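For reference, the structure discussed in these notes is given below.
Below, each value reflects all heavy atoms present in this structure, side chains not excepted, and no hydrogens, waters or symmetry copies. Below, read A as the first sequence line, B as the second, and so on, with proteins coming before strands; counting in each chain starts at 1. Just so it is clear, the structure is predicted and the values come from calculations on it, not from any experiment.
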Amino acid sequence: MTSHMEYFRQQVYLCVAQIPAGKVASYGQIARLAGFPRHARHVSKALGAADKSLQLPWQRVIGANGRIAFKADSDHYARQAALLKKEGVKIINGKINMQQFAWQYVKDKQSDFRPEEFFK
DNA sequence: AACTTGACTTCAA
DNA sequence: ATTGAAGCCAAGT
């Protein structure tokens with residue numbers, strides 16, 4: 001494990017952890033937010049490698065086209081769709097309305113997110 | 001040192 | 001609206 005990839009993953013996790021329930025973000029959006037603009041593909045890798053103890057809301061990361069990235073007939077897809085539904089994210093014809101559900105990140109001094117407490 | 005593989009994106013038909 | 005090609009880049013063979 002090279003050190004820069006550890007850094008990449010950590011930045012990705014920090015971003016994903018801040019996506020509020022009921023909203024979604026694309027892999028590319030997270031990559032940009034994390035500071036690695038061209039690494040959309042690696043965001044998925046990072047999520048797959050994330051320790052479960054982190055309790056990451058991985059289901060809130062989807063494709064830029066508003067679709068869940070897993071194959072539609074896979075268990076993974078079903079699991080993610082179920083979690084999103086539980087959070088109120090509507091999937092119509094396999095597609096999520098980004099206009100409505102895309103997370104709009106804005107620097108907010110009032111945010112109560114504590115990155116230093118996120119990684120135990 | 002090639003070549004392949006993805007939970008990706010964008011753009012042009 | 002769909003589809004496909006091209007671009008992307010770290011990991012694994």
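One atom, CG of A:Leu47, and another, C1' of B:dG6, lie 13 Å apart when rounded to the nearest Å. Atom OH in A:Tyr27 sits roughly 14 Å away from atom P in B:dG6 (whole-Å rounding). If you take CG of A:Leu33 and P of B:dT9, they are 14 Å apart, rounded to a whole angstrom. Distance, A:Leu56 CG to B:dA7 P: 18 Å, rounded to whole Å.
Using a 4.0 Å cut-off on heavy atoms, none of the residues of residues 96-104 of chain A approach DNA chain B. For residues 57-76 of chain A, proximity to DNA chain C is found at no residue, defined as any non-hydrogen atom under 4.0 angstrom from a strand atom.
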Q) How does each nucleotide of nucleotides 3-10 of chain C score, in 5' to 3' order, for protein heavy atoms under 4.0 Å: base (B), sugar-phosphate only (S), or none (-)? A) ----BBBB
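Ring geometry for A:His39 against A:His42 counts as tilted: the plane angle lies between 30° and 60°, on a 0 to 90° scale.
Across every non-hydrogen atom of A:Ala64 and A:Met98, the tightest pair is O-CG, 4.4 Å. Shown here for A:Arg67 and A:Asn93, the closest heavy-atom pair between the two residues is NH1-O, 3.8 Å. In terms of heavy atoms, A:Ala46 sits closest to A:Val12 at CB-CG1, 4.3 Å.
Side-chain nitrogen and oxygen atoms of A:Ser26 include none within less than 4.0 Å of the OP1 or OP2 phosphate oxygen of B:dC8.
The CH2 atom of A:Trp103 sits 6.5 Å away from atom SG of A:Cys15, with the distance rounded to the nearest 0.5 Å. One distance of note links OG of A:Ser74 with CD1 of A:Ile68; it measures 8.5 Å at 0.5 Å rounding.
Side-chain contact between A:Phe118 and A:Arg114 is absent, with no heavy-atom pair separated by less than 4.5 Å. Side-chain atoms of A:Lys86 and A:Leu83, non-hydrogen and from C-beta on, do get closer than 4.5 Å to each other.
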Q.
Just to be sure I follow the notation: if a pair is Watson-Crick (purine N1 to pyrimidine N3 plus N6-O4 or O6-N4) or a G-U wobble (N1-O2 and O6-N3), each under 3.5 Å, what dot-bracket string does DNA chain B give, with | for pairs to another strand?
A. .|||||.||||||
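The list of ring pair (Phe, Tyr, Trp, His ring centres under 6.0 Å) pairs with a residue in residues 73-98 of chain A, not counting sequence neighbours, reads A:Phe70-A:His76.
Scored by the side-chain contact (heavy atoms from CB on, under 4.5 Å) test, A:Ala21 finds A:Arg60, A:Glu87 as partners (sequence neighbours excluded).
At distances below 3.5 Å, not a single donor-acceptor pair connects side-chain atoms of A:Gln100 with backbone N or O atoms of A:Lys90.
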Q: Begin from the C-alpha positions of A:Tyr13 and A:Asp51 and carry the test side-chain contact (heavy atoms from CB on, under 4.5 Å) through to its verdict.
A: CA-CA 10 Å; A:Tyr13 299 159; A:Asp51 188 307; over 6 Å; no
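Counting heavy atoms of neighbouring residues, nucleotides and ligands inside a 6.0 Å radius, atom CG of A:Asp73 exceeds 12 of them.
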